[in-house]
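Below: the structure, in structure tokens.
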Amino acid sequence: MRRYWLMKCEPGAYTIEALERDRRTSWEGVRNYQARNFMRDDMKVGDAVLFYASNADPSGVTGLATVVRAGYAERGQAKPIWHMVDIGFVERFAGIVSLETLKATRGLEKMMVTQKGSRLSVQPATKSEYDIVVRLGRRLERAKTVRA
DNA sequence: GCCAACGTTGGC
DNA sequence: GCCAACGTTGGC
């Protein structure tokens, strides 16, 4: 059963553009146990990922990725505490589906990222939430195409 | 850059 | 195991 996720990253650290260039990357450096557990235990190859730019202008979903390697331990730990996954590039939106838009969209009221004080950097999402965000992202694409 | 909302640490 | 102090995240 394919699962759906949202992964946050500050643009200063990594972006969807960088992922498009690199094709894939390892999601190392997460230092939160809940997020770690999702990566170590639940994320499987083929799962869908919403790529979210945090602390950005504006913050929001900038594209799509997919899990290409399930949870494995970061190197250089005597006892493996921290784990990561690898994600691969899927799609870059023409713009940002901003947090403001997410909050204003019906069907995303319960999405974790729209909740106040939600800081978790790896979050589960539902298929319905994922589909809605993808539609919003591709609408940006169409709008751009129409203008061109 | 501010600061509220979290998460983690460590003394007890 | 409580909780105050501290550190971090991330919207604004």
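Letters go in sequence order (proteins before strands), and every chain restarts at 1. No experiment lies behind these values; they were computed from the predicted model shown. Computation of the quantities below employed the complete heavy-atom set of this structure, encompassing side-chain atoms and omitting hydrogens, waters and symmetry-equivalent molecules.
The backbone N or O of A:Ala35 sits less than 3.5 Å from a side-chain atom of A:Asn32, completing a donor-acceptor pair.
Every residue was checked against the ring pair (Phe, Tyr, Trp, His ring centres under 6.0 Å) condition with A:Phe93, not counting sequence neighbours, and none meets it.
Residues A:Tyr52 and A:Trp5 keep their aromatic ring centres 6.0 Å or farther apart.
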Dot-bracket pairing map - DNA chain B, Watson-Crick plus G-U, both contacts under 3.5 Å, | cross-strand | ||||||||||||
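Side-chain atoms of A:Val133 and A:Leu102, non-hydrogen and from C-beta on, do get closer than 4.5 Å to each other. Put simply, the side chain of A:Phe89 does not reach to within 4.5 Å of the side chain of A:Thr25, judged on heavy atoms.
Between A:Trp27 and A:Tyr14, the angle of the ring planes goes over 60°, which puts this pair in the perpendicular group of the 30/60° scheme.
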Tell me, for nucleotides 4-10 of chain C in 5' to 3' order, what letter each nucleotide earns: B for a base near a protein heavy atom under 4.0 Å, S for only sugar-phosphate near one, - for neither?
-> ---BBBB
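Linking Ile, Leu, Val, Met, Phe, Trp and Tyr residues whenever their side-chain heavy atoms come within less than 4.5 Å leaves A:Val68 and A:Met84 in two separate clusters.
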